[in-house]
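Quick note: residue numbers are just sequence positions, from 1. Whatever order the structure lists them in is the order used to number ligands and atoms, beginning at 1. Just so we're clear, the structure is a prediction, and the values are computed from it rather than from any experiment.
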Amino acid sequence: MISVRLQGSSRNFAVGKIICLGRNYAEHIKELGNETPAEPVVFLKPATSLIRAGEKVLIPSYSRECHHEVELAVLIGRYARNIPAHAAYEHVAGYGVALDMTLRDVQERLKKKGLPWEIAKAFDTSCPISDFASRDRVADPHNLRIRLWVNDELRQDGNTGQMIHRIPEILAYVSGIFTLEEGDIILTGTPAGVGPVRGGDQIHAEIEGLGGLDVSVE
Ligand code: MG
């Protein structure tokens, strides 16, 4: 069983599914030349894609271009199905720092053919994740600076206020498709500045008030 930790509590959350949003920051949509979708772009990662701080991202042999994407992660604390946006925060246990590691070359090939992205997004080690800060310690999850460095070079520097679809709307939307259970995690999309990493690189990600996350690339 794969679990994550909520800081300041003895509770561990067994992770069920990881639901990810794509194209949720305007500047990132532009840098990849994508169209802005009318509805959220959603895909899944399995719990087996998770790794913890200090562990290694292993780039699969079928890719030559693995990109970093730093994202605000939302930990679900309570069953949710078809919930309205105004009740969404009651279902949130906490917030953390996540990376949505992406095999960009593989994803581009699949996108052109209209095929699903999972082998580019959901492979083992594709989801490094921090411990979570409890919801009541975060005054406004949409006013947090979000940054990522590779080998001490700043690559991504945004603010969670730049999201197109915000947490209440995201939870209302995804809970109408997938039943959300305690321990599910939602990744809310990445700001601009994504780019490649290589074997030996050190990645440091940080979200204001939530702390940092360090992993290396094998
Ligand atoms: Mg992403």
Side-chain angles (χ1 to χ4, degrees), residues 4 15 17-37 39-51 57-60 63 65-76 95-111 115-130 132 141-142 144-150 155-167 169-171 173-174 177-178 184-197 201 203-207 210 213 215 217:
V4 293
V15 178
K17 55 190 170 294
I18 305 163
I19 301 169
C20 307
L21 263 81
R23 304 183 198 173
N24 201 28
Y25 285 78
E27 292 300 315
H28 171 63
I29 294 172
K30 265 191 234 166
E31 74 181 345
L32 292 186
N34 284 320
E35 282 172 23
T36 303
E39 287 181 328
V41 172
V42 174
F43 60 94
L44 299 179
K45 289 180 192 261
T48 46
S49 66
L50 287 176
I51 58 170
V57 174
L58 308 175
I59 303 174
S63 172
E65 191 187 16
C66 180
H67 277 199
H68 55 78
E69 298 188 355
V70 61
E71 313 207 356
L72 175 69
V74 178
L75 177 64
I76 299 298
Y95 303 99
V97 183
L99 300 180
D100 169 20
M101 300 305 296
T102 301
L103 307 176
R104 194 71 69 201
D105 53 347
V106 177
Q107 185 195 29
E108 289 301 324
R109 276 205 303 276
L110 295 167
K111 265 162 60 178
L115 292 170
W117 299 350
E118 275 76 5
I119 67 167
K121 287 281 199 181
F123 57 94
D124 286 355
T125 77
S126 66
C127 194
I129 201 138
S130 70
F132 285 78
H142 289 296
L144 305 175
R145 194 171 182 190
I146 176 169
R147 287 179 289 177
L148 178 140
W149 292 257
V150 178
R155 296 270 191 93
Q156 294 187 264
D157 186 0
N159 190 290
T160 56
Q162 298 162 335
M163 284 184 205
I164 296 169
H165 303 288
R166 294 190 165 217
I167 293 163
E169 186 194 341
I170 294 169
L171 264 60
Y173 181 76
V174 300
I177 302 167
F178 311 102
D184 287 344
I185 293 172
I186 297 178
L187 265 52
T188 53
T190 195
V194 302
V197 292
D201 283 350
I203 303 175
H204 174 73
E206 214 171 279
I207 300 179
L210 304 183
L213 171 64
V215 291
V217 182

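- With hydrogens and angles left out, the side-chain atoms of Q107 and T102 include no donor and acceptor closer than 3.5 Å.
- Under a 3.5 Å cut-off, the side chain of S49 and the backbone N or O of S126 do not form any donor-acceptor pair.
- Using a 3.5 Å distance cut-off with no hydrogens or angles, the side chains of H204 and E206 do pair a donor with an acceptor.
- Partner L148 forms a side chain to side chain contact (heavy atoms under 4.5 Å, CB included) with one of L213, V97, I207, L99 and no other, that one being L99.
- Every side chain to side chain donor-acceptor pair (under 3.5 Å) that D184 has, sequence neighbours left out, goes to K17.
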Subject >> Derivation and outcome, salt bridge (charged side-chain N to carboxylate O under 4.0 Å, His left out), residues R166 and E169 >> reply: CA-CA 6 Å; R166 294 190 165 217; E169 186 194 341; over 6 Å; no

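- Inside a sphere of radius 2.8 Å centred on the Mg ion (ligand 1), the protein N/O/S atoms present are E69 OE1, E71 OE2, D100 OD2.
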